[in-house]
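A quick write-up on the structure given underneath.
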Number of protein chains: 2
Amino acid sequence: MTDKAPETTGLTSKDYYFDSYAHFGIHEEMLKDEVRTTSYRNAIYLSKHLFKDKVVLDVGCGTGILSMFAASCGAKHVYGVDMSNIIDQARIIVADNNLTDRITLIKGKVEEVELPVKEVDIIISEWMGYFLLYESMLDTVLVARDRWLAKDGLIFPDKAVMHIASIEDGQYREEKIDFWDNVYGFKMTSIRDAALKEPLVDVVDPSNVNSSASAFKEIDILTVTKEDLAFTAPFRITSNRDDYVHAFIAWFDIVFSACHKPIHFSTGPAAKYTHWKQTVFYTPDAMVVEAGDVIEGSITCKPNTDNPRDLDIDISYEHEGKAGTTKESVRYKMN
Amino acid sequence: MTDKAPETTGLTSKDYYFDSYAHFGIHEEMLKDEVRTTSYRNAIYLSKHLFKDKVVLDVGCGTGILSMFAASCGAKHVYGVDMSNIIDQARIIVADNNLTDRITLIKGKVEEVELPVKEVDIIISEWMGYFLLYESMLDTVLVARDRWLAKDGLIFPDKAVMHIASIEDGQYREEKIDFWDNVYGFKMTSIRDAALKEPLVDVVDPSNVNSSASAFKEIDILTVTKEDLAFTAPFRITSNRDDYVHAFIAWFDIVFSACHKPIHFSTGPAAKYTHWKQTVFYTPDAMVVEAGDVIEGSITCKPNTDNPRDLDIDISYEHEGKAGTTKESVRYKMN
């Protein structure tokens, strides 16, 4: 690597934090997420009629994989923008694949860089974070859209839907939360409280889901504003069996609706594994539910005022059941 | 958590980098490493005769678990030192377990803090990192030893031994290294080179080990100096079957030899899982070996001059086999 990419050598762990996308490991995980990468590939490869002779912008291009997909589909030119040092690797990769004349990579923030063109026909971007919005680049995609996307331009993908449901999760809850009540004979209950308020990104077995799913937020990337991304949304789910509720889970679906036939993928518990997994919010107490019971509530999501990179997620919920009434509101913090 | 531990609230991901031990998640992983935690517990609980009425220092006390083990064994007083904000949690934990009069926690660097006593009888510390020495606190333990340990004082643990062996690992090597040669039809060979030079911390199946093990470094924590930890050591391993060598692996064993009957644990591939797993160093090319073949070489380990937190590990090796002679030297970087 030393000869080829002097800009990326000598990075320390500290650099990797401030530039957490500089290290190849995170790109390896994303590229190997087959649902993710093949959905993008299919959406682009099956849209040759849309990409042919078009000017394309890849927001957060990383290793350049989406730019290369687009260039292979006949795009007139692809601009890839990324502020991470990984773009130095992407330059080598684009050259190694003989695409230098079709792809131009620009290092910098979308808010600050200049493109050599006034507008682009298509924006492609893989911006999704855990819980869709955590550390996500959607704000950046919206800036790019408002700066450069032509009237009637397309965005790949252009729709995201967030879902919530309830789960039974007694055993894992014990391992993750109640564990702190007795650690080799000692009480660490103060840590238990911190653990409860931190959403857990993990794979949920679909058999643990014990309610209907509620789609609480739909995002149209062509029209959404930054302000729309701090929101309160109601939800209403119905228990589908007699069970206990130990947690809520959230996930998201993605749609490329500009394709001739829309391409979807889901990060839900019933779908194939993705690196986004699901996000689990343990409730302070288990609820006893019967089939047909309704849990109603609302979910509020907004950047933390002190650290906008972090996300405050408030879940308020009510349930009237055989074992009593629950009315609770919890503030979770993703950081 | 807000009420009880104001010092640890409002931490951002950035804080967690600079203070990577502040978050409970890393302590959860370490506490749940049963080999690690029960070895320490047993070493201390089976040494009540040694701890009774003694002054104990816990270097890098974290959640305070080792301090509480020692206090439960009749130590006169335990001093726990840690520079991470996790110590604010440890204070609450010590109080919740009614041990405030037996355990004093001091936030700061071992190099800078003052103890209310002139010397301590026993130092306990869990300082081991990946590959034993990566981001390890052994330097800090040595500072504590030289500042405070009484003549004839004890250290738990007091011995570490590092081992190397060779493995067959064709399939995983393909997934981790050769993957970059063809990523959805594109060449990312420049990343392959970076991937090869970064040791991989992972679980190695013992059936993949195809040589004897060579103990290349033994560390006596009572006498070792900081300078001894930058070293070159020879190794010599013998292939135990006709096979291919795709990588070297390294691991370490730990001994509490001050115990009445020494307590050991190993982080090797044949031993029970620990969170240290093993460290894998892929070679640039596979070697064809026959049972009885010898691979001789040396391993050099030293902090990176630019970033002393990082570790440069050079492995040089020679093998004369049926398919030809190999003579190679590779610099790996752990960062």
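Just so it is clear: chains get the letters A, B, ... in the order the sequence lines come, proteins before strands, and each one is counted from 1. This one's a predicted model, so the numbers in the text were calculated from it and none came from an experiment.
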So with a 6.0 Å cut-off around CD of A:Glu175, is the heavy-atom count from everything else above 12?
yes
Chain B neighbours within residues 36-44 of chain A, where any heavy atom lies under 4.5 Å away
A:Thr37, A:Thr38, A:Arg41
The interface call for A:Phe179 against chain B, heavy-atom contacts under 4.5 Å, is side chain
Walk me through it: do B:Phe186 and A:Asp96 pass the test side chain to side chain contact (heavy atoms under 4.5 Å, CB included)?
CA-CA 9 Å; B:Phe186 297 98; A:Asp96 285 350; over 6 Å; no
Indicate the atoms forming the closest heavy-atom contact of A:Ile191 with B:Thr63, along with that distance.
CD1-CG2, 4.0 Å
Might you confirm whether atom CD of A:Glu29 has over 12 heavy atoms from other residues, nucleotides or ligands at distances under 6.0 Å?
yes
Note: A:Glu28 and B:Trp180 closest approach over all heavy atoms is CB-CZ2, 3.5 Å
Side chain proximity check, A:Arg192 to B:Phe24, heavy atoms < 4.5 angstrom:
no
Quick one: pull up NZ in A:Lys187 and CD1 in B:Ile92 and give me the separation to the nearest 0.5 Å.
13.0 Å
Residues from residues 275-284 of chain B approaching chain A under 4.5 Å (heavy atoms):
none
Please look at A:Leu99 and chain B and tell me whether the side chain, the backbone, both or neither of the residue comes under 4.5 angstrom of a heavy atom of that chain.
side chain
Atom NZ of residue position B:Lys32 - does it have more than 12 heavy atoms of other residues, nucleotides or ligands inside 6.0 Å?
yes
Is there a donor-acceptor contact under 3.5 Å from the side chain of A:Tyr184 to the main chain of B:Phe69?
no
Where B:Ile65 and A:Met188 come nearest, the two heavy atoms and their spacing:
CD1-CE, 3.9 Å
